[in-house]
Chemist: 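Quick one: the structure is below, questions incoming.
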Number of protein chains: 2
Amino acid sequence: MAGGISLKELAAELKLAPSTVSRALNDSYEISDATKKKVISMAEKLNYHANPFARSLRENKSKTIAVIIPERINSFFAQVMDGIEDIAQEQGYHLLVYNTHEDVEKEKKIVNLLLNGRADAIVMSVSSQTSDISHLKKLHDRGLPIIFFDRICNDIPTTKFITNDYEIAFDATKHLIQQGCKKIAFLMLSKDLSITKERQRGYLDALKDEGMEMNPAFDFYCSHVEETNVQLIHEMLTSPSKPDGILASVEKLGFATYHAIKNTKIRIPEDLKLISFSNASIAGILSPSMTTITQPALTIGHECAKLLIKKLNKPKHYDLVDQVVTIPSVITVRESTFSE
Amino acid sequence: MAGGISLKELAAELKLAPSTVSRALNDSYEISDATKKKVISMAEKLNYHANPFARSLRENKSKTIAVIIPERINSFFAQVMDGIEDIAQEQGYHLLVYNTHEDVEKEKKIVNLLLNGRADAIVMSVSSQTSDISHLKKLHDRGLPIIFFDRICNDIPTTKFITNDYEIAFDATKHLIQQGCKKIAFLMLSKDLSITKERQRGYLDALKDEGMEMNPAFDFYCSHVEETNVQLIHEMLTSPSKPDGILASVEKLGFATYHAIKNTKIRIPEDLKLISFSNASIAGILSPSMTTITQPALTIGHECAKLLIKKLNKPKHYDLVDQVVTIPSVITVRESTFSE
DNA sequence: AGAAAATGCGGAAACGATTTCGAATTTTTA
DNA sequence: TAAAAATTCGAAATCGTTTCCGCATTTTCT
């Protein structure tokens, strides 16, 4: 119904063979400029558009990249997506987007859906529940180019893009200490996540470097249920052994902390200093404004897409070598870590 | 390279005709249960996955829906997307996502890309620059099912999903007046946008209803450049004829207002009361917390997807009739509009 | 028991593009 | 001027499905 005209019909209209028309539209050297012009103008006149599925079938590629993220309402992932889309649009690629909602079962379903070649390649950040990675291995074994960013899968030999998680967490912790914090808590999602491992390592090394004790009670695992997190953080902050500094390893836990101190006597930064990974511009309009670790989200998106498309355009010449590319984050100091 | 096994090869392995195997996999009544079982188990064993492009070519449908939004870093659009994806995944549909960045030229390019049938249908919210809608008309004329939400196109006869823009803006304005506001400004994007028209109408009618003057200086047009908006709002709020209440017709302008009063003597809600359209959960952790008009974003996404898929599954039985479906918003009163 | 219907499957066309191979015409070269 | 080479185009195969027909074989009906 929604059908336009086909190549064959266009050829008939022009009294040319389909092969000629195809070549003319693809600017082949075998076709004279005269007929090329004729073909192109007639194609425009009749509003011809090549059927992408016929082409994909024939060429065995879809000009489509699948992007899998764990959540959509997250300024970091949204910015990375924007970055990927910038390059993709520029290079004529389309984006299939999937949200796992941090659910590994959903992630498996989605990954299995992509086993049929609907997408030429995949960019993904794994869910916080992902520890068994057999579904991802299968994808990679199939030969589908796949790139990880942020929450990566070290066991899959491909290129990964991350920020300097260890160093920046180290620096952030040092910053809290410099501002006078004695008892610093580390807020994180699942311990299986690559980012929590690295960021926690940075946090712990900074404490060690300063000869500070590391209280196991300050290793704070959170769930993916917002209310629970707020509740738990609230309990921690009102307990006798409460921390005076917090490093939140993901944005939503930074926000959850603001939520948790609502309607309490706890004041930021006087009683509690907070620094959080976050790409949200609204960090600056919170009161007090929130000191953040800002990841190079847009750049990460750009680099992922660039590398992947380079690989897709020249499958023989470029390989997704097994390496981790690090793009540094920036700490934006705001009021939530002021010492006075 | 990434190729799996084809139907023909699977058939050869089973010593059956491709047609039989196809029917078996599609659970046709013409095939005996015995062979069905054989085929299915062999398909699993050999890891067969049907080529989606061959199928799309043959069936003339792609099981894909395109979603076009004006910005991604926006809690409303992100939630709508989540809603659409909920239903789409459940029904076996894939989502192609495009961000116009409020740029009508980009919107045109994207729309033209969709003219070739890559997607079976479209869900979209137009850019703030969109006034000429010929590109959208062309899409609709082609017979491609299209649904609008939020920022709709009244001139295109199809189903649209919005919230009760007029009424809720009316109520919000009344709320500001009840809280003692005498001079209320209305912050908006382009005047061409369906939502600004309706929301402004509600705002103006509420003023009229209360016999209040409407100061043209309080009809406040904003750009899509964040810094400029903050600057302009700041100027307005520090001018002699400054308002004592603000209704922001989109989320980012609510945030921009918080930004604008940073480092000023202006206090919310004492000097200025603010209510803003917003779906951001962080509205509650701002200080003071922000009174919001919360749109039923998830529901809007669900309804868009449901209707569209119903249409796609039974093209003859359902039509995207020319109507506007309204799903009401909710005003969440918070500190930014407290009267004392 | 003979005819009619139901069951189970195979052959081949079709979807719409690209591309290999070959052939016809024109141009160049000797 | 005849042969070689370039130019320009057409016929047909191909990608991997689905489906329209057709053909046996078996079951059901009278």
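Note that the coordinates shown come from a computational prediction; the quantities given were computed from them, not determined experimentally.
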Chemist: Looking at every strand, decide which applies to B/Ser22 at a 4.0 Å heavy-atom threshold: base, sugar-phosphate, or nothing.
Modeler: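 Touches a base.
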Chemist: Would you kindly say whether B/Ser19 and B/Ser22 are connected by a side-chain donor-acceptor distance under 3.5 Å?
Modeler: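 No.
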Chemist: Round to a whole Å and report the spacing from CD of A/Glu59 to P of C/dG16.
Modeler: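 It works out to 17 Å between those atoms.
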Chemist: Which angle, rounded to 10°, do you find between the first-five-pair axis and the last-five-pair axis of the helix from C/dA1-D/dT30 to C/dA30-D/dT1?
Modeler: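 End axes: 40° apart.
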Chemist: Using only heavy-atom distances, determine whether the side chains of B/Asn99 and A/Asp82 contain a donor-acceptor pair under 3.5 Å.
Modeler: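 Present: a donor and an acceptor within the cut-off.
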Chemist: Between the side chains of B/Glu107 and B/Thr130, is a donor N or O closer than 3.5 angstrom to an acceptor N or O?
Modeler: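 Judged by distance alone, the side chains do pair up.
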Chemist: Within the 3.5 Å criterion, strictly below it, is a donor on B/Asp120 or B/Ser62 matched to an acceptor on the partner's side chain?
Modeler: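 Yes.
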Chemist: Take the protein atom CZ of B/Arg58 and the nucleotide atom P of D/dT18, then report the distance between them rounded to whole Å.
Modeler: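 Atom-to-atom, B/Arg58 to D/dT18, this comes out as 9 Å.
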Chemist: What's the closest nucleotide to the side chain of A/Ala17 if the choices are D/dT14, C/dG10, D/dA11?
Modeler: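 My answer, after comparing the listed nucleotides, is D/dA11.
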Chemist: Please state how far atom CG in B/Asn51 lies from atom P in C/dG16, giving the value in whole angstrom units.
Modeler: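 From B/Asn51 CG to C/dG16 P: 16 Å.
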Chemist: Any residue in residues 25-48 of chain B with a heavy atom nearer than 4.0 angstrom to DNA chain D? Just list them by number, or reply none.
Modeler: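 Those residues whose heavy atoms fall under 4.0 Å from DNA chain D, taken from residues 25-48 of chain B in numerical order, are B/Asn26, B/Tyr48.
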Chemist: Enumerate, atom names and distances included, each donor-acceptor pair closer than 3.5 Å involving a side-chain atom of residues 146-154 of chain B, sequence neighbours excluded.
Modeler:
residue  : atom : partner  : partner atom : Å
B/Asp150 : OD1  : B/Arg199 : NH2          : 3.4
B/Asp150 : OD1  : B/Gln295 : NE2          : 3.1
B/Arg151 : NH1  : B/Glu102 : OE1          : 2.9
B/Arg151 : NH1  : B/Glu102 : OE2          : 3.4
B/Arg151 : NH1  : B/Val126 : O            : 3.0
B/Arg151 : NH2  : B/Glu102 : OE2          : 2.9

Chemist: Scan side-chain atoms only and decide if A/Asn26 and A/Ser28 contain a donor-acceptor pair under the 3.5 Å cut-off.
Modeler: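 There is no such pair (donor and acceptor under 3.5 Å, judged by atom type) between the side chains of A/Asn26 and A/Ser28.
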Chemist: Checking side-chain polar atoms at under 3.5 Å, does A/Ser6 have a donor or acceptor matched by the opposite partner on A/Glu9?
Modeler: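 Distance-only check passes for A/Ser6 and A/Glu9.
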Chemist: Would you mind classifying the nucleic acid contact of B/Ser19 as base, sugar-phosphate or nothing, using non-hydrogen atoms under 4.0 angstrom?
Modeler: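 Result for B/Ser19 = base.
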Chemist: Given atom NZ of A/Lys8 and atom P of D/dA11, what is their separation to the nearest angstrom?
Modeler: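 After rounding, the gap between these two atoms is 12 Å.
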Chemist: Just by distance, with hydrogens left out, do B/Asn112 and B/His135 show a side-chain donor and acceptor under 3.5 Å apart?
Modeler: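 No, no side-chain donor-acceptor contact under 3.5 Å.
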Chemist: Would you kindly give the CZ-to-C1' distance between A/Arg118 and D/dT17, to the nearest whole Å?
Modeler: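 It is 14 Å, rounded to the nearest whole Å.
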Chemist: Record whether the side chain of A/Arg55 comes under 3.5 Å of the base of C/dT18 through a donor-acceptor pair of N or O atoms.
Modeler: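 By the distance-only test, no, there is no pair.
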Chemist: Please state how far atom CZ in B/Phe53 lies from atom C1' in D/dT18, giving the value in whole angstrom units.
Modeler: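 These atoms are roughly 17 Å apart.
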Chemist: Using atom CG of A/Leu10 as one end and atom C1' of C/dA17 as the other, report the distance to the nearest whole Å.
Modeler: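 My rounded result for the distance is 12 Å.
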Chemist: If you assign A/Leu57 and A/Thr20 each to the DNA chain C nucleotide with the nearest heavy atom, which residue ends up on the more 5' nucleotide?
Modeler: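 With A/Leu57 and A/Thr20 compared, the 5'-side residue is A/Leu57.
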Chemist: Is there a salt bridge (Lys or Arg N to Asp or Glu O under 4.0 Å) between A/Lys137 and A/Asp155 once you walk through the steps?
Modeler: CA-CA 9 Å; A/Lys137 262 205 160 60; A/Asp155 291 345; 5.3 Å; no
Chemist: Measure from NZ on A/Lys61 to C1' on D/dG16 and round the result to the nearest Å.
Modeler: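 Interatomic distance, NZ of A/Lys61 to C1' of D/dG16: 18 Å.
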Chemist: Check this for me: does the side-chain of A/Arg23 come within 3.5 Å of the base of D/dG10 through a donor and an acceptor?
Modeler: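 Looking at the base of D/dG10, it does pair with a donor or acceptor on the side chain of A/Arg23 (distance under 3.5 Å).
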